[in-house]
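Notes follow the structure.
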Amino acid sequence: ATLTDSKATPEAKALMNYLKSVYGKNILSGQQEIYGGGNDGNMELEFEYIKENTGKLPAIRAFDFMNYNPLYGWEDGTTERAVKWVKESKGIITASWHINVPIDFDSYELGDAVDWTKCTYKNYQSSNSTFNTANVLVEGSKEREYFEAAMEDLAEQLTILQENNVPIILRPLHEAQGNHGLYGATGTAWFWWGDRGPEVYKELWKLLYTTLTEKYNLHNIIWECNMYAYPNSAEWYPGDEYVDLVAFDKYNCDYNRGDGKTSGPNFLAISSTFNSLFELTDGKKMVA
């Protein structure tokens with residue numbers, strides 16, 4: 001239950017202790033907010049539906065901080081809803097970060113507004129973006145300066161949570177490996193943060209970790225690293241000292257089902273996946 005951040009807030013410690021206390025005993029239900037236009041303008045759409053049909057709210061509400069960015073960012077109330085969920089609903093919050101980059105990064109001037117249709121979070125191979133992820137690790141590069149601005153936007157929102165004594169399970173730079181190294185020439189990471197391979201990705205994760213904890217003094221974070229269960233997935237793991245939880249995104253309701261069906265619920269266990277993630281950290285981290 002010990003968090004990697006030695007300065008973790010009492011609230012973050014309490015949440016981690018709670019997660020450990022129920023681990024292997026109970027299942028916590030969760031619901032990801034629909035962002036964009038999928039909720040008919042009502043951010044409570046899914047949660048009202050769940051409450052009306054089950055009589056209960058999920059234990060965990062998931063957010064995405066993608067709208068807080070240096071390009072086209074707008075205030076959609078994400079942080080306010082997160083605080084309300086913890087304070088009023090007594091729930092747990094988690095968040096991902098679909099941070100975008102300009103497709104035409106070569107022509108981009110830092111600080112300029114860019115229409116969202118001219119931005120991407122996809123890999124450079126499919127988006128034709130000129131953003132070179134490896135350059136983020138080079139101090140003084142334009143890519144580094146852009147990422148610094150993006151981290152500042154994220155830190156501003158996380159600071160609001162910390163000031164309200166709200167802990168968060170943060171799941172940034174998710175699904176980094178994608179299909180990297182698989183399927184020949186077509187096998188690559190899905191997102192730009194993984195499109196230059198595992199070594200660059202791990203340093204990117206560490207940069208985000210140290211910047212948020214040391215520069216912005218954010219200690220309300222439980223760091224969740226989203227991993228895969230491929231034979232080479234261990235190459236993508238940033239290290240025990242930078243990760244609190246290991247997570248897996250399970251898509252086998254639609255793909256690679258293993259039960260011969262093409263639709264409907266998939267009731268097969270994925271024990272081998274769990275075992276590989278367990279072995280990844282030698283059982284030191286909880287698996288989500």
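Throughout, numbering of the chain's residues begins at 1 and tracks the sequence. Here the structure is a predicted model, which is why all the values come from computation and not from measurement.
- Here the SG atom belonging to C119 is positioned 4.5 Å from the CG atom belonging to L71, to the nearest 0.5 angstrom.
- Of the inter-residue distances, the one linking D104 atom CG with N128 atom CG reads 11.0 Å to the nearest 0.5 angstrom.
- Counting only N and O atoms by type, the side chains of D153 and N69 include no donor and acceptor under 3.5 Å apart.
- For W192 and F131, the ring centers sit closer than 6.0 Å to each other.
- Crowding of K250 atom NZ: a count of heavy atoms from other residues, nucleotides or ligands under 6.0 Å exceeding 12.
- When side chains are defined from C-beta on, N100 does not count as touching W116, because their heavy atoms never get closer than 4.5 Å.
- Other residues, nucleotides and ligands place more than 12 heavy atoms under 6.0 Å from the NZ atom of K285.
- Side-chain atoms of Q177 and N232, non-hydrogen and from C-beta on, do get closer than 4.5 Å to each other.
- Contact record, A229 with F248: N-CE1, 4.3 Å, taken as the closest heavy-atom pair.
- A heavy-atom distance below 4.5 Å is not found between the side chains of L208 and T211.
- A donor atom on one side chain and an acceptor atom on the other are not found under 3.5 Å apart for Y23 and N26.
- Between P238 and C225 the shortest heavy-atom distance is CD-SG, 3.6 Å.
- Ion pair R144/E148 flagged as a salt bridge, since at least one NZ, NE, NH1 or NH2 atom sits closer than 4.0 Å to an Asp/Glu carboxylate oxygen.
- The two residues P172 and W205 come nearest to each other via the heavy atoms O-CZ3, 3.4 Å.
- Expressed to the nearest 0.5 Å, how far CE of M66 lies from CG of L154 amounts to 13.0 Å.
- Residues M16 and L245 have side chains in contact (heavy-atom distance under 4.5 Å, counting atoms from C-beta outward).
- Distance CG/L212 to NZ/K215: 10.0 Å, rounded to 0.5 Å.
- Checked by atom type and distance alone, the side chain of N164 never pairs as donor or acceptor with a backbone atom of L161 at under 3.5 Å.
- Enclosure of atom CD1 in I27 is not indicated, since only 12 or fewer non-hydrogen atoms of other residues, nucleotides or ligands lie within 6.0 angstrom.
- Less than 6.0 angstrom separates the ring centroid of W85 from the ring centroid of F47.
- The aromatic rings of F65 and Y68 are tilted relative to each other, their planes meeting at an angle between 30° and 60°.
- The number of heavy-atom neighbours closer than 6.0 Å to NZ of K84, taken from other residues, nucleotides and ligands shown, is 12 or below.
- Not a single donor-acceptor pair under 3.5 Å links the side chain of T4 to the backbone N or O of D244.
- Judged as a ring pair (Phe, Tyr, Trp, His ring centres under 6.0 Å), the pairs with a partner in residues 148-182 (not counting sequence neighbours) are, in order, H98-H174, H174-F191, H174-W193, H180-W236.
- In this structure, S141 contributes its side chain and V138 its backbone to a donor-acceptor pair below 3.5 Å.
- In this structure, OG1 in T281 is found 10.5 Å from CE in M286, a value given to the nearest 0.5 Å.
- Note: W223 and Y209 meet the aromatic proximity criterion, with ring centroids under 6.0 Å apart.
- Among residues at least two apart or in separate chains, there is no ring pair (Phe, Tyr, Trp, His ring centres under 6.0 Å) pair with a member in residues 269-288.
- Between the side chains of T133 and D195, at least one donor N or O lies within less than 3.5 Å of an accepting N or O.
- A side-chain donor-acceptor contact under 3.5 Å links T130 to the backbone of F105.
- Side-chain contact between M227 and L277 is present, with at least one heavy-atom pair separated by less than 4.5 Å.
- Residues N275 and S272 have side chains that never bring a donor and an acceptor to within less than 3.5 angstrom of each other.
- To the nearest 0.5 Å, the span separating CG on L57 from OG on S29 amounts to 9.0 Å.
- Between V166 and N220 there is no side-chain heavy-atom pair separated by less than 4.5 Å.
- Minimum interatomic distance between T188 and Q125 (heavy atoms only, all atoms of both residues): OG1-NE2, 3.0 Å.
- With K142 contributing its side chain and D106 its backbone, the two residues share a donor-acceptor pair below 3.5 Å.
- By the 4.5 Å heavy-atom criterion applied to side chains, V136 and L207 are counted as neighbours.
- In this structure, T78 and D64 have side chains that are not in contact, with every pair of non-hydrogen atoms separated by 4.5 Å or more.
- Between R171 and D249 there is a salt bridge, with a side-chain nitrogen of the basic residue lying less than 4.0 Å from a carboxylate oxygen of the acidic one.
- Note on E203 versus K206: salt bridge recorded, some NZ/NE/NH1/NH2 to OD/OE distance being below 4.0 Å.
- Heavy-atom minimum distance, A176 versus L173: CB-O, 3.8 Å.
- Atom CD of E241 has more than 12 neighbouring heavy atoms from other residues, nucleotides or ligands inside a 6.0 Å radius.
- One finds a salt bridge joining R81 and E33 here, because a Lys/Arg side-chain nitrogen approaches an Asp/Glu carboxylate oxygen to under 4.0 Å.
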